[in-house]
Amino acid sequence: CSTAPAGAAEGEEPSHTTWLQTNPAGVTGTEKVLAKDLRVLGRPVNEVVLIDDTVQSGTLQPRNLLLLPAWTGDPSDSTLPELIDELLHIANSTDVFDTL
């Protein structure tokens, strides 16, 4: 029985990312996608939000994903500041699944 976290081989350092050979929505063929595995954080998954700009990152825990547009380098981008109220609301909830 392996004690390595999901996506890590025995003896490897734990990683929050896992390469999946899978076909999540929007991925065809046998492409690999980089998924972020929130379980390696050691916290209840219903208390963690994954903020990312790719759907594939949330393949393992899609209910935790707060999807944002990709940052283009525009210094006037205000996407994150505009999320402050929503993130505060999520932080005050007991279950992110109820708020996302």
Side-chain angles (χ1 to χ4, degrees):
C1 175
S2 174
T3 58
E10 192 66 43
E12 281 185 2
E13 287 295 315
S15 172
H16 72 287
T17 57
T18 301
W19 283 102
L20 295 177
Q21 188 77 34
T22 185
N23 292 330
V27 178
T28 59
T30 57
E31 297 176 45
K32 288 185 177 182
V33 297
L34 186 62
K36 296 179 180 174
D37 189 353
L38 302 178
R39 296 172 296 179
V40 301
L41 299 174
R43 302 179 58 98
V45 176
N46 68 320
E47 296 178 0
V48 179
V49 176
L50 171 60
I51 301 173
D52 208 296
D53 64 352
T54 64
V55 173
Q56 289 80 12
S57 291
T59 300
L60 296 172
Q61 292 93 19
R63 293 179 64 195
N64 296 76
L65 180 62
L66 179 56
L67 189 63
L68 300 181
W71 188 63
T72 61
D74 179 359
S76 66
D77 183 305
S78 62
T79 302
L80 290 177
E82 290 171 5
L83 286 176
I84 291 173
D85 288 339
E86 183 174 357
L87 293 173
L88 288 171
H89 177 69
I90 293 168
N92 290 317
S93 71
T94 57
D95 190 330
V96 300
F97 300 149
D98 294 336
T99 56
L100 288 176

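What you see is a predicted model; the values in this text were computed from it and never measured.
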Qualifying residues under side-chain hydrogen bond (donor to acceptor under 3.5 Å, both in side chains), relative to D53, sequence neighbours excluded: none
CD1 of I51 to OG of S57, rounded to nearest 0.5 Å, is 12.5 Å
Acceptor/donor pairs from residues 81-93 side chains to any protein atom, 3.5 angstrom cut, sequence neighbours excluded:
| residue | atom | partner | partner atom | Å |
| --- | --- | --- | --- | --- |
| E82 | OE2 | S78 | OG | 2.5 |
| N92 | ND2 | L88 | O | 3.0 |
| S93 | OG | I90 | O | 2.7 |

Hey, what do you get for CG (L38) to CG (N46), rounding to the nearest 0.5 Å? 11.5 Å
Hphob cluster co-occupancy, V55 + F97, side-chain heavy atoms under 4.5 angstrom: no
For V96 against E47, the heavy-atom pair lying closest together: CG1-C, 4.0 Å
May I have the list of side-chain donor-acceptor pairs in residues 62-73 shorter than 3.5 Å, sequence neighbours left out?
| residue | atom | partner | partner atom | Å |
| --- | --- | --- | --- | --- |
| N64 | ND2 | V45 | O | 2.6 |
| N64 | ND2 | V48 | O | 2.6 |

Is any side-chain heavy atom of L50 closer than 4.5 Å to a side-chain heavy atom of Q61? no
